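The structure under discussion appears below in the form of structure tokens.
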Amino acid sequence: MENKNRYVRYYDLDWIRVLAMLMVFLYHCSMFFNSFEWHIKNNIINHSYIEIFSLLVGNWIMPLFFVISGISTYHALNKRNSQSFMQERFLRLGLPLLLGIFLLSPPQVYIERVTNNQFDGSFLKFFPHYFDGLYLEMGGTGNFAFFGHHLWYLLMLLLFSVVTLPFFIKLRKKVEHRIFGAFHYFFLPIPLLAVALTVNTIVNLASWGIIFYLLLYVYGYFFFAKESLREFVRRIGVLSGCLSGITTVGYLIWVMYNGFPMNVSLNWVLFMILRVVLVWNVLFFILYLGDKYLNFSNGTLKYTSQASMPFYVLHQPIIIILGFFIYNLNWAVPIKVVFLVPLIFLIIMFLYHFIIRKVNLLRVLFGLKSVKKNEISSGIQPPV
């Protein structure tokens, strides 16, 4: 993996990315029904199985994305120089982000304002007000979602790429031949914990702060991309799975019975230690399962790898828009779940399969590479 002249495709990372996208979709569907703050809420809140699912996923899903992004950056810089790397980043991250900011975010903000009694009128009347102030928090007064709502991940990844690239290039040779072992497994969570206990509130996004995500992105590049880590994961996988289960149960019991500690205290410190240990071991366990069961390719992986970015870009606005039409209906929660989740999935896949992937302009706007007409008609997919 460290040999710059040799590139090995690890398909398990592609599978993990695809499955993580699906998990984000289900997580955001659950946000419509649970008690946590979100852009629109169902008229009946589910405090049991849906809320438990949200708690199970919400702690580690975005850390996983940033680790995988760091690994992908390592391999991308193995294949291209820094200039072409940044050009691709701006195209494949920046264009979907702009699409989200100016086309997909306005209806989301409008629905949030209407359902929270902050605006009364049609979407056409609201749209000029979309540019009134910066959207900084749910329920706030600013409307312009400069980060694209759920596409904040693309913005952060773009910023991280710009900030870290000079250091990645300069320090690469000093660390790429070091062997990942038990020392790293026990030491690397300490900086994560230090960040969680000090600056985690700085631009807090989806449970963790921007510095926490940046550190995981750096770890992905310098440590998780190493072949020696993959070998270590095979030895530590069962242990990390056990620790993941124990800390997850502890986390669920804590939150369900005591809630989230809001003030700095001994309980808050213990809670953050529990969360960091949980995230760290879940990352290793997922990589272990991927290496053991998912290191293969087939037509499904090729198709879903291409579809994952458009799927990610589209999923939240469609959840919110469809949720807007049913949130006040007197349907039982299970009925709404069975209605909403499959329908949203089918709509997104219909848009991707029949429209987005067949129109080059849309492909580029949704973060895909353009293809020739004969490649579209023959079903040939370009490399991810």
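As the structure is a prediction and not an experimental result, all values here were calculated from the model.
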[X]: ring-ring contact (aromatic ring centres under 6.0 Å, His included) partners, not counting sequence neighbours:
X      : value
Phe65  : Tyr153
Phe131 : Phe127, Phe144
Tyr251 : Phe271
Tyr257 : none

Please table the atom pairs, donor to acceptor, closer than 3.5 Å between any side-chain atom in residues 31-38 and protein atoms at least two apart or in another chain.
{"from": "Asn34", "atom 1": "OD1", "to": "Phe36", "atom 2": "N", "distance (Å)": "3.0"}
{"from": "Asn34", "atom 1": "OD1", "to": "Lys41", "atom 2": "NZ", "distance (Å)": "2.9"}
{"from": "Asn34", "atom 1": "ND2", "to": "Ser30", "atom 2": "O", "distance (Å)": "3.4"}
{"from": "Asn34", "atom 1": "ND2", "to": "Ser54", "atom 2": "OG", "distance (Å)": "2.8"}
{"from": "Ser35", "atom 1": "OG", "to": "Glu51", "atom 2": "OE1", "distance (Å)": "2.7"}
{"from": "Ser35", "atom 1": "OG", "to": "Glu51", "atom 2": "OE2", "distance (Å)": "3.1"}

Derivation of the side-chain hydrogen bond (donor to acceptor under 3.5 Å, both in side chains) call for Ser69 and Tyr221: CA-CA 8 Å; Ser69 296; Tyr221 181 90; over 6 Å; no
Could you check whether any side-chain N or O of [X] sits under 3.5 Å from a backbone N or O of [Y], counting only pairs where one atom can act as donor and the other as acceptor?
X      : Y      : answer
Gln118 : Gly140 : yes
Arg363 : Arg357 : yes
Ser84  : Asn81  : yes
Ser244 : Val282 : yes
Ser105 : Phe102 : no
Trp254 : Leu274 : no
His150 : Tyr312 : yes
Asp14  : Leu301 : no

Return the orientation label for the [X] and [Y] ring planes: parallel under 30°, perpendicular over 60°, tilted otherwise.
X      : Y      : answer
Tyr213 : Trp152 : tilted
Phe339 : Trp331 : perpendicular
Phe119 : His129 : tilted

Only pairs under 3.5 Å count here: list side-chain donor-acceptor contacts from residues 183-193, not counting sequence neighbours, and write none if there are none.
{"from": "His184", "atom 1": "ND1", "to": "Gly181", "atom 2": "N", "distance (Å)": "3.2"}
{"from": "Tyr185", "atom 1": "OH", "to": "Asn281", "atom 2": "OD1", "distance (Å)": "2.5"}

Looking at residues at least two apart in the chain, or sitting in another chain, which of them share a side chain to side chain contact (heavy atoms under 4.5 Å, CB included) with [X]?
X      : answer
Leu289 : Phe285, Tyr293
Thr198 : none
Leu56  : Ile52, Thr248, Leu252
Ile321 : Pro107, Ile111, Phe325

Would you compute the distance between atom OH of Tyr110 and atom CD1 of Ile320 and round it to the nearest 0.5 angstrom?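 Nearest 0.5 Å value for the OH-CD1 distance: 14.0 Å.
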Is the distance from the ring center of Phe224 to that of Phe284 below 6.0 Å?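 Yes - the distance between ring centres of Phe224 and Phe284 falls below the 6.0 Å cut-off.
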Can you list the steps and then say if His315 with Met21 is a side-chain contact (heavy atoms from CB on, under 4.5 Å)? CA-CA 10 Å; His315 81 277; Met21 288 291 184; over 6 Å; no
Does Arg275 make a cation-pi contact with Trp280, if we ask for NZ or CZ under 6.0 Å from the ring centre and within 45° of the axis?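 No.
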Could you work out, with salt bridge (charged side-chain N to carboxylate O under 4.0 Å, His left out) as the rule, every residue matching Glu88, not counting sequence neighbours? Arg80, Arg92
Listed by chain and number, what are the salt bridge (charged side-chain N to carboxylate O under 4.0 Å, His left out) partners of Asp291, not counting sequence neighbours? Arg230, Arg234
